[in-house]
Amino acid sequence: QVQLVESGGGLVQAGGSLRLSCAASGRTFSSYAMGWFRQAPGKEREFVATISWSGGSTYYADSMKGRFTISRDNAKNTVYLQMNSLKPEDTAVYYCAADSKRLGGSDGARYDNWGQGTQVTVSS
């Protein structure tokens with residue numbers, strides 16, 4: 001098990017940027033595939049991005065490609081989500097998740113550890 005704590009959310013104007021962080025406890029962080037998901041009010045949880053345990057492979061939802069970048073620092077037990085060119089429709093609670101089986105991917109059911117989320121609000 002790994003505990004995850006997200007930070008970096010907030011209120012930003014459309015076109016602006018935010019960098020989310022997800023700090024993980026435990027010495028096995030580097031063995032987990034990690035992902036970011038989001039959930040807007042009244043909507044289902046949505047996949048954002050995923051990164052392999054080594055950081056060598058990343059994958060994004062189509063609507064985030066070119067705007068969002070996922071990265072990780074295994075020495076700091078942290079995964080990041082750099083979000084640029086934000087749009088009002090990016091408003092949501094953003095969650096990071098860890099997959100102990102190293103599969104990662106866009107299916108939230110693969111992830112067995114979740115953070116509490118951080119609110120991102122993009123004003124028009």
Side-chain angles (χ1 to χ4, degrees):
Q1 290 290 331
V2 62
Q3 282 71 51
L4 304 173
V5 179
E6 302 94 337
S7 62
L11 174 64
V12 63
Q13 289 187 332
S17 298
L18 281 175
R19 188 195 196 200
L20 305 184
S21 298
C22 174
S25 65
R27 291 176 287 180
T28 59
F29 171 77
S30 61
S31 67
Y32 287 76
M34 300 295 296
W36 284 97
F37 293 77
R38 69 185 186 185
Q39 188 166 20
K43 295 187 177 181
E44 294 186 352
R45 184 177 61 197
E46 178 184 23
F47 167 72
V48 174
T50 185
I51 188 167
S52 62
W53 63 273
S54 67
S57 178
T58 59
Y59 176 68
Y60 299 89
D62 286 344
S63 61
M64 287 69 164
K65 288 180 181 177
R67 299 192 300 126
F68 291 8
T69 302
I70 188 171
S71 62
R72 68 189 296 161
D73 185 339
N74 286 343
K76 296 182 178 179
N77 280 13
T78 303
V79 63
Y80 305 98
L81 184 69
Q82 177 67 43
M83 306 186 294
N84 300 327
S85 303
L86 284 163
K87 306 173 183 179
E89 51 264 43
D90 293 318
T91 295
V93 177
Y94 283 71
Y95 300 89
C96 72
D99 174 19
S100 61
K101 301 175 295 299
R102 297 192 179 187
L103 296 175
S106 61
D107 184 355
R110 291 182 173 179
Y111 295 82
D112 43 14
N113 298 271
W114 291 82
Q116 294 300 308
T118 185
Q119 176 71 46
V120 171
T121 303
V122 184
S123 63
S124 57

**Q** Please confirm whether the backbone N or O of S85 pairs with a side-chain atom of R67, one donor and one acceptor, at under 3.5 Å?
**A**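 The answer is yes, because a donor-acceptor pair under 3.5 Å joins these two groups.
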**Q** Looking only at heavy atoms, what is the nearest atom pair of V2 and A98, with distance?
**A**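 That closest heavy-atom pairing would be CG1-CB, 3.8 Å.
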**Q** What do the steps show when you test Q116 against V93 for side-chain contact (heavy atoms from CB on, under 4.5 Å), and what is the final call?
**A** CA-CA 9 Å; Q116 294 300 308; V93 177; over 6 Å; no
**Q** Would you check if V120 and D90 make a side-chain contact, meaning some heavy-atom pair closer than 4.5 Å?
**A**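 Heavy-atom side-chain distance check fails, nothing below 4.5 Å.
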**Q** Rounded to the nearest 0.5 Å, what separation is found between the SG atom of C22 and the CZ atom of R72?
**A**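 C22 atom SG to R72 atom CZ measures 10.0 Å (nearest 0.5 Å).
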**Q** Are E46 and S63 side-chain neighbours, meaning at least one heavy-atom pair lies under 4.5 Å?
**A**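 Contact flag for E46/S63 side chains = yes.
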**Q** Would you check if S71 and Y80 make a side-chain contact, meaning some heavy-atom pair closer than 4.5 Å?
**A**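 A side-chain contact under 4.5 Å exists here.
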**Q** Is there a side-chain contact between N113 and Q3 (heavy atoms, below 4.5 Å)?
**A**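 With C-beta onward as the side chain, the pair stays apart.
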**Q** Begin with the C-alpha distance, continue with both residues' side-chain angles, and end with the deciding distance and a verdict on side-chain contact (heavy atoms from CB on, under 4.5 Å) for V48 and M83.
**A** CA-CA 11 Å; V48 174; M83 306 186 294; over 6 Å; no
**Q** Looking at every heavy atom in both S17 and N84, which two are closest together, and how far apart are they?
**A**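 That closest heavy-atom pairing would be OG-OD1, 2.9 Å.
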**Q** For K101, does the NZ atom have more than 12 heavy-atom neighbours from other residues, nucleotides or ligands under 6.0 Å away?
**A**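 Count over threshold, so yes.
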**Q** Does some side-chain heavy atom of F68 sit less than 4.5 Å from a side-chain heavy atom of L81?
**A**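 Yes - at least one pair of side-chain heavy atoms lies under 4.5 Å apart.
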**Q** How long is the gap from CG on L103 to CG on D112, to the nearest 0.5 Å?
**A**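 Reported value, rounded in 0.5 Å steps: 10.0 Å.
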**Q** Indicate the atoms forming the closest heavy-atom contact of K65 with Y60, along with that distance.
**A**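 Closest heavy-atom pair between K65 and Y60: CE-O, 3.5 Å.
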**Q** If we count only N and O atoms by modelled type, under 3.5 Å, do the side chains of Q82 and T69 hold a donor and an acceptor together?
**A**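 Per modelled atom types, Q82 and T69 side chains form no pair under 3.5 Å.
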**Q** Side-chain heavy atoms under 4.5 angstrom apart, residues restricted to Ile, Leu, Val, Met, Phe, Trp, Tyr: same cluster for Y111 and I51?
**A**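 As far as the 4.5 Å side-chain criterion goes, I51 and Y111 are not connected within one cluster.
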**Q** Under 4.5 Å between side-chain heavy atoms, counting indirect links through other Ile/Leu/Val/Met/Phe/Trp/Tyr residues: same cluster for I70 and L86 or not?
**A**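 Linked, I70 and L86 end up in one cluster.
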**Q** Between R102 and S52, is any pair of side-chain heavy atoms under 4.5 Å apart?
**A**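 No; the side chains remain at least 4.5 Å from each other.
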**Q** Do the side chains of R38 and K43 get nearer than 4.5 Å, heavy atoms only?
**A**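 They are not in side-chain contact.
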**Q** May I ask you to test the L20-T118 pair for a side-chain heavy-atom distance under 4.5 Å?
**A**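 The answer is yes, as the side chains (C-beta and beyond) meet within the 4.5 Å cut-off.
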**Q** Just how far is it from atom CD of Q39 to atom CZ of R45, taken to the nearest 0.5 Å?
**A**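 Those atoms lie 7.5 Å apart.
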**Q** To the nearest 0.5 Å, what is the distance between CD on Q1 and OG on S100?
**A**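 Those atoms lie 7.5 Å apart.
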**Q** Please give me the minimum heavy-atom distance between A23 and T78, naming the atom from each residue.
**A**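 Reported closest heavy-atom pair: CA-OG1, 4.2 Å.
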**Q** Are the aromatic ring centres of Y95 and F37 under 6.0 angstrom apart?
**A**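 Aromatic pair excluded; centres sit 6.0 Å or further apart.
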**Q** I'd like to know whether E89 forms a side-chain contact (heavy atoms from CB on, under 4.5 Å) with T91, so could you lay out the CA-CA distance, the side-chain angles of the two residues, the decisive distance to 0.1 Å, and finally the verdict.
**A** CA-CA 5 Å; E89 51 264 43; T91 295; over 6 Å; no
**Q** Can you name the closest pair of heavy atoms from F29 and V79 and give their distance?
**A**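 That closest heavy-atom pairing would be CZ-N, 4.1 Å.
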**Q** Compare every heavy atom of S123 with every heavy atom of L11, then report the nearest pair and how far apart it is.
**A**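 Closest approach of L11 to S123, heavy atoms only: CD1-CB, 4.3 Å.
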**Q** Rounded to the nearest 0.5 Å, what's the gap from OG on S21 to CD on E6? Could you check?
**A**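 Atom-to-atom, S21:OG and E6:CD are 10.5 Å apart.
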**Q** With a 6.0 Å cut-off on ring centres, are Y59 and F47 close enough?
**A**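 Close enough - the centres of the two rings lie under 6.0 Å apart.
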